[in-house]
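To start, the structure under review is shown below, and the notes come after it.
Indexing begins at 1, ligand by ligand and atom by atom, following the structure's order. None of these values were measured; they are calculated from a predicted model.
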Amino acid sequence: MTFEPLASDFYGYENLLADHEKEALATLRSYLETEVKPVVNEHWEAATTPPGIFKGLADSGVFSFAWDETKPFENSAVFRGFVALELARVDASVATLVGVQNGLAMGSISVTGSPDQRAEWLPKMASGEVVGAFGLTEPLSGSDSAQGLRTTATREGDEWVLNGSKRWIGNATFSDITVIWAKDTADGQVKGFIVPTSTPGYTASKIEGKQSLRIVQNADITLENVRVPESLRLQQANSFRDTAKVLRLTRAEVAWAAVGNSVGAYDAALHYTKERIQFGKPIASHQLIQDLLVKSIGNITASLGMVVRVSQMLDDETQRDEHSALAKAYSTARMRETVAWCREALGGNGIVLEYDVARHFADAEALYSYEGTREMNTLIVGRALTGLAAFV
Ligand code: FAD
């Protein structure tokens, strides 16, 4: 399949990709344009996930780009970033449900699981046979989950007993397993568990009324004396520091998705403003509309430079928490400005779903807040700069 560079990649960052990476990106782009894009607005309105999308995404390879056990070919973190951008350019919900499966669920098992756990679960998740979710946030603990988790894990012989509740858990209305993070009642440390969702005592119910990322299904989860064997405890997750290793990786991917969400809005705005005639000429020929478009491409280009560098730092193993935290905080803030400018450029049609910008506009809000709010990511960077933690 021939790779066509994205016009909105103004400085040509895609040139950093190897030929085989460009080819994989072109295949994914073709699947998204033909199978996903035509149905996203109707599913967004109905707050439903397109049936079969997991299988389609799995077949296009997106769950197997990252982890050694599943990697179909050698690829870079920059390539994986462009995959997140490509998904979010079409739809940020689709990027999110991939991010949950690929980054949060498979990432937890890859980063904190034992070799046996990786070998058992990752191939099945890469093929889409097993859908995963990631349960960290709770009704009473969001930003403070490093200290504030209330869900408990108590060891009884060869088993663990989990009790508590989780909130906002993506894909959890239909996941086969959910990675649950809970405090060990013996040592007070956060541990991770692969919980099959068929386990007695585990229930998940859909959160209704979301006005952002409506294609993603988020759930409230209740755990009542849920028993899992020691073999399902993530063997390398010994404290919240290990959970944070997973979040460092996924935050960088959200930063990329924010760029993709901005690009989706910008592309739609550019197209619309070239077609829409006012005062006898396309509105794109009016200076103030060009200003909106140029400010948007400026934000996209600046954010893209940042996320590319953060991914290169992952590849050369110099990336730290504060690097991905800054990229997430910065690119989601720029995204919020960009989608608003694009919405403005469409006038009234900017709030109508059919023109796509309204969806990107609404979806920006969830990307801005999940995987660490702007404030939390700012405090992570602030701690690195000053050596002083300002969380509490
Ligand atoms: P709160 O922690 O209550 O924060 C509210 C506000 O207070 C924020 O602006 C915050 O920045 C600010 N604040 C809090 N503490 C401080 C402080 N010390 N200084 C300054 N400001 C502060 N979680 C999962 O575990 N798994 C998922 O799959 C998942 N998916 C999600 C999908 C969506 C669509 C959404 C919206 C959330 C999802 N989350 C998930 C949860 C998400 O990570 C949390 O919403 C996020 O961490 C913020 O927590 P909170 O909503 O409880 O806000």
Side-chain angles (χ1 to χ4, degrees), residues 44 47 49 88 91-108 131-151 164-175 177-183 190 192-193 195 197 204-223 237 240 243-244 246-251 253-255 257-258 261 324-325 328-329 332-333 335-336 359-360 362-383 388-392:
W44 198 93
T49 306
D91 185 67
S93 294
V94 174
T96 300
L97 60 88
V98 170
V100 170
Q101 169 83 348
N102 211 352
L104 288 169
M106 291 175 73
S108 296
V131 174
F134 174 93
L136 175 64
T137 308
E138 301 184 349
L140 299 178
S141 171
S143 299
D144 72 352
S145 51
Q147 309 99 29
L149 286 195
R150 286 157 175 83
T151 298
S165 46
K166 296 287 172 185
R167 180 158 173 81
W168 284 120
I169 311 309
N171 297 351
T173 55
F174 50 81
S175 62
I177 57 162
T178 299
V179 172
I180 294 288
W181 298 95
K183 260 193 189 160
V190 173
F193 301 86
V195 179
T197 55
S205 57
K206 178 179 171 179
I207 296 176
E208 302 284 356
K210 253 168 57 211
Q211 299 302 308
S212 180
L213 297 182
R214 285 170 62 79
I215 288 175
V216 180
Q217 309 305 316
N218 292 85
D220 283 315
I221 293 176
T222 306
L223 303 144
F240 191 80
T243 322
V246 181
L247 295 175
R248 171 158 63 80
L249 302 178
T250 55
R251 272 182 189 143
E253 299 270 309
V254 177
N261 193 50
S324 62
K328 201 272 174 178
T332 54
M335 164 189 65
R336 239 178 161 201
R359 178 170 44 83
H360 290 293
D363 287 349
E365 290 306 300
L367 267 64
Y368 186 66
S369 288
Y370 72 35
E371 302 249 4
T373 61
R374 188 192 64 77
E375 291 81 4
M376 286 306 105
N377 283 306
T378 297
L379 295 182
I380 290 170
V381 182
R383 180 180 57 191
L388 302 167
F391 295 89
V392 287

Exercise for the section: Not counting sequence neighbours, which residues clear side-chain contact (heavy atoms from CB on, under 4.5 Å) with Ala95? List them please. Expected result: Leu87, Ala88, Ala257
Handout entry: Region of Asn218 that comes within reach of ligand 1 [heavy atoms, distance under 4.0 Å]
Key =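 Just the side chain.
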Practice task
Please state which part of Ser369 comes within less than 4.0 Å of ligand 1, counting heavy atoms only: side chain, backbone, both or neither.
Solution key: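 Under 4.0 Å from ligand 1, Ser369 contributes backbone atoms alone.
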Handout entry: atom 41 (C) of ligand 1 protein-contacted (non-hydrogen atom, under 4.0 angstrom)
Key =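 It does: a protein heavy atom is found less than 4.0 Å away from atom 41 (C) of ligand 1.
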Considering only protein heavy atoms, which is closest to [atom], and at what distance to one decimal place?
atom: atom 1 (P) of ligand 1; value: Ser143 OG, 3.7 Å
atom: atom 26 (N) of ligand 1; value: Phe134 O, 2.8 Å
atom: atom 9 (O) of ligand 1; value: Glu375 OE1, 3.4 Å
atom: atom 22 (C) of ligand 1; value: Met376 CE, 3.7 Å
atom: atom 45 (O) of ligand 1; value: Trp168 CD1, 4.1 Å
atom: atom 43 (O) of ligand 1; value: Glu371 N, 3.5 Å
atom: atom 24 (C) of ligand 1; value: Thr137 OG1, 3.3 Å
atom: atom 52 (O) of ligand 1; value: Gly142 CA, 3.2 Å

Handout entry: Close-contact set for ligand 1 against Ile169 heavy atoms, below 4.0 Å
Key =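 Listed by number with element: 24 (C), 25 (O), 26 (N), 27 (C), 28 (O).
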Problem - Residue pair Thr96 / Asp363, side-chain heavy-atom distance below 4.5 Å - result: no
Problem - Stepwise side-chain hydrogen bond (donor to acceptor under 3.5 Å, both in side chains) check, Trp44 with Asp91 - result: CA-CA 10 Å; Trp44 198 93; Asp91 185 67; 5.4 Å; no
Problem - Passing candidate, salt bridge (charged side-chain N to carboxylate O under 4.0 Å, His left out) with Glu365, options Arg336, Lys210, Arg359 - result: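 Among Arg336, Lys210, Arg359, the one that satisfies the salt bridge (charged side-chain N to carboxylate O under 4.0 Å, His left out) with Glu365 is Arg336.
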What about [X]: any of its N or O atoms under 3.5 Å from an N or O on ligand 1?
X: Leu379; value: no
X: Ala366; value: no
X: Phe391; value: yes
X: Gly170; value: yes

Can you see which heavy atom on [X] is nearest to which on [Y], and at what distance?
X: Ala172; Y: Ala219; answer: CB-CB, 3.8 Å
X: Gly372; Y: Lys328; answer: O-NZ, 2.9 Å
X: Trp168; Y: Ile207; answer: N-CD1, 3.6 Å
X: Val216; Y: Gly170; answer: CG1-CA, 4.4 Å

Exercise for the section: Indicate yes or no: does Glu138 engage Arg167 in a salt bridge with an N to O separation below 4.0 Å. Expected result: no
Handout entry: Side-chain (Asn171) to main-chain (Ala133) donor-acceptor, under 3.5 angstrom
Key = no
Handout entry: Winner among Thr373, Val392, Val254 once heavy atoms are compared against atom 11 (O) of ligand 1
Key = Thr373
Fill in the blank from the handout: Residues at least two apart in sequence or cross-chain that pass ring-ring contact (aromatic ring centres under 6.0 Å, His included) with Phe174, listed by chain then number, are Phe54
